[in-house]
Structure formats: C-alpha cells, structure tokens
Amino acid sequence: MKEHVETLPFQAGVAVRDMTPREPIWMGGFSFRDRPFEAVRTPLFARALALTEASGDAGVVIVAMDHVGLSRELTREIEETCATRFGWDRQRLILFCSHTHSGPSSWPSVWMEGGAEEIAKVEAHNRWMVGQIVEAVGEALANRQPARLGFSQGLAGFGVNRRRARPGCRHFPGPVDQDIPVLRVVSAQGETKAIVFGYACHATSLADYDISGDWPGFACAAIGERHPGATAFFIPGCGADINPLPRLLPGREEALSRAYGGIMADAVELALTTDDSGQERELSGPLTVHHGVTELFYDQLPGEAEIAALQQHPDADMRRSGRDLLTRLHSPEGLPVSLEYPAWVIRIGELLWIALSGEVTVDYALTLKERHGWDTTWVSAYASPTEAYFPSHRVWREGGYEGGDCLLRSSHPSRFREDGETRILALMEGLISK
Ligand SMILES: [Zn+2]
C-alpha cells in the first residue's frame with residue numbers, strides 16, 4: 001500500500017530549561033521582602049517554542065519564563081546572543097515572563113539593599129539564566145518537526161480587577177479579561193507537543209520566601225501531567241490591574257495558589273475538548289510577525305529639589321528611586337524624557353496574536369478584541385522588557401498605583417503623559433494593518 005504523506009502547514013520545536021536559582025538570592029515582585037529566598041517550593045522553567053511555516057524560516061520563537069520580568073539589558077543580551085548564535089532575527093523572538101512574584105529579581109532597585117555580595121549573586125544568576133534561555137531557544141529551533149496548530153478559547157473567573165479591592169474604590173468599574181486563548185501544537189503522529197495558554201492575571205497568590213511559579217506554575221504542571229509528552233506554556237494577558245482573588249488568606253496561601261492552577265488546567269482542558277465558540281479551529285498559514293516600537297513620554301520631569309525630597313521619603317522604594325534619579329540627573333544624558341515601547345503582532349491564518357511589552361492594564365485587551373474580533377484575537381502582555389506599568393487612559397485618569405504612582409517607585413522620573421494609550425494603540429493598529 002502506498003504511504004500517504006500529508007504536508008502539514010507548520011514546523012514546531014519545543015525545548016525546556018531549568019531556571020531555578022541555585023543559591024538563595026533576592027526575590028522579585030514584592031518590595032516588602034528584606035532578605036533572599038529560603039526554599040524552593042517548585043522549580044522555575046524557561047520554555048521555548050519555535051513556530052515556523054512548513055518551508056523556510058518565516059515564523060516566531062516565543063519563550064515563556066517563570067520570572068517576574070526582564071530588564072531592558074537582559075532582554076537585549078538574550079536577543080543579541082540568539083541572533084549571533086542561531087542567526088535568528090531578534091524582532092521575531094518574544095520573551096514572555098509569567099510575572100511570578102515568587103521568582104528571583106532582576107531589577108537592581110529591589111536587591112541593592114543587600115549590598116555588594118547580594119548584588120553579585122543576582123548578577124551571577126542572571127548570567128546563568130541567560131545561558132539557559134539561549135540554549136532553550138537554540139534547541140527549539142533545531143528540534144522543529146512538521147506540526148498542525150489548533151486554536152480554542154475557554155474562560156475562568158478567578159482574575160478580579162484589584163483596583164476595586166482597595167479602600168474607597170468599590171465604585172471603580174473593575175473590567176476583567178477572563179478569556180483563556182489556547183494554542184495546541186500537534187505532531188504529524190497526532191501527539192500533542194505543546195499547549196500554549198493565556199490569562200490576564202497577576203501571579204501573586206504567594207508572597208512568602210519560597211521560590212515557585214505561583215499559580216501559572218501549578219497550572220503548567222497539571223496540564224503536563226494530563227498530557228504526557230506535551231509542554232505547557234503560560235503567556236500572561238493584560239493583567240496589570242488584575243489579581244487572583246481571594247488570596248493570601250493566612251494558612252491557605254499555597255492551597256489557594258494550587259487551586260487556581262488546577263482551575264486553569266481544567267479550563268484549558270475544557271477549551272481543548274469543547275471550545276466555547278464551538279470547536280478547536282485548525283489554523284492554516286501564512287505565519288507572519290511584525291515588530292515595532294513607539295515612544296512614550298514622561299509627564300513632568302522632577303527637579304533636583306523634588307528628587308532630594310524623595311530621598312527623605314518614609315518608603316524605602318521611594319528613597320531608592322530618589323537615589324537612582326539623582327545619579328541619572330547628574331549623568332551626561334540627564335533624566336530620560338521618554339521610554340521606548342516595543343510590541344509585536346503575530347498572524348497565524350485567522351488568529352491575530354498581539355504581544356505587548358510590560359505591564360499593561362486590561363482595557364487594552366478589551367479594546368483590541370472589540371476592534372478585531374473576540375473569537376480570533378489574542379492579546380498578550382509582559383513581553384520583555386518588563387520595566388513599567390502602562391495604564392489605559394481611564395486608569396491614568398483614575399490615578400493610583402497602576403495609573404502612575406508605581407513608576408516613581410521604580411526609578412522612572414514621572415508617570416507617562418496622558419497620550420500613552422493613544423500612542424500604544426496607534427502602534428498596534430499600524431502593525432495589524434501590515
Ligand atoms: Zn505587576
């Protein structure tokens with residue numbers, strides 16, 4: 001009998017590397033922590049997925065990392081190393097962080113309090129981590145095999161708009177994006193090789209001194225157990241103002257975190273079997289990626305007297321910011337007037353997959369899905385670098401932590417100007433129309 005050889009539309013390669021710190025170092029996410037981590041609750045991973053068209057290199061490499069967020073310098077280093085070593089165009093490499101608040105820090109402002117010895121430990125970890133991530137990218141590219149892709153969407157309800165959960169804020173509108181986009185990678189033999197899922201919610205259900213991937217880590221482990229041979233990838237959505245709630249109930253922290261991971265794994269399973277829009281869609285090519293940047297301007301640069309006042313602030317983060325800003329003020333470049341903001345648009349057949357960098361509030365996802373279609377638009381965030389919160393215009397006007405206060409706590413000279421959302425959406429529409 002003549003063998004039937006089907007031509008599949010894509011090539012896909014998967015690789016996983018450990019990125020658990022090998023000695024106690026300072027953690028990222030919560031500024032109240034005052035010492036390095038104490039134990040490893042669950043290991044951390046860098047998971048790489050290379051997705052290209054059946055013939056040639058047109059496509060994208062995504063990396064999903066159990067990490068709070070990569071600095072601009074680390075992002076550039078990984079991109080440049082992958083470009084040199086594998087010839088992979090850095091504009092088609094997207095480094096997503098799960099934003100776990102139970103992983104190591106890469107932001108100097110948090111761990112510099114530990115002194116030179118602690119700084120050296122974090123830097124040594126970063127060197128090793130970059131190597132692990134680059135290796136994962138190289139292996140995923142080398143591993144590519146013929147594949148088909150399916151897309152479906154589910155829903156889960158534990159992501160809650162956290163701005164409402166603050167005193168005096170119950171009247172805030174509290175939008176959420178509870179969709180769970182799911183991309184399944186299937187081999188020519190019909191085996192599921194990767195399950196990539198998104199959700200717009202902070203990984204902040206644990207806040208102790210143990211290393212873990214928080215609820216996304218538990219979700220990936222549960223999905224992996226259900227699908228032996230498959231790697232689960234968590235890609236965060238626009239959850240800058242979303243928390244898993246309830247959370248941090250004393251004595252119940254880990255149970256809640258595991259529960260959210262379990263709920264997510266169940267919701268992904270349901271999406272794979274009975275997608276809420278009918279069934280998993282098989283995606284065809286072409287597979288295109290467009291990358292672009294816009295410039296976001298700071299609102300009002302502080303003068304030397306304002307910076308000096310920051311250095312007397314009762315909050316340690318503000319004092320650190322004051323020190324950083326004073327150094328920058330007196331540097332030859334002076335204070336920056338703007339921040340470069342990168343983003344990507346991936347198209348896989350009818351799927352429009354938008355990747356925003358940094359911490360983006362939920363309104364962006366709702367606006368882009370409203371404009372481009374709820375069933376086939378996937379809006380991701382926390383692509384690297386992850387250096388700031390990017391509020392929608394509504395959140396900017398409301399103010400508060402995500403509206404701009406957080407920027408001052410992390411060495412930015414001020415909040416962004418009012419036109420931030422307009423500029424980011426203009427960038428995205430330009431990339432989408434290509
Ligand atoms: Zn955050």
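First listed ligand is number 1; within each ligand, the first listed atom is number 1.
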Sole residue of F390, F297, W396 in ring-ring contact (aromatic ring centres under 6.0 Å, His included) with F416: F390
Whether H101 has an N, O or S atom under 2.8 Å from the Zn ion (ligand 1): no
H99 NE2 and Y389 OH subtending at the Zn ion (ligand 1) (10° steps):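 It is 170°, given to the nearest 10°.
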Short side-chain donor-acceptor distance under 3.5 Å, T204 and N243: yes
Interatomic spacing from OH in Y341 to OG in S357 - rounded to 0.5 Å: 4.0 Å
Salt-bridge present (R423, E295; N to O < 4.0 Å): no
N, O or S atom within E359 nearest to the Zn ion (ligand 1), by name: OE1
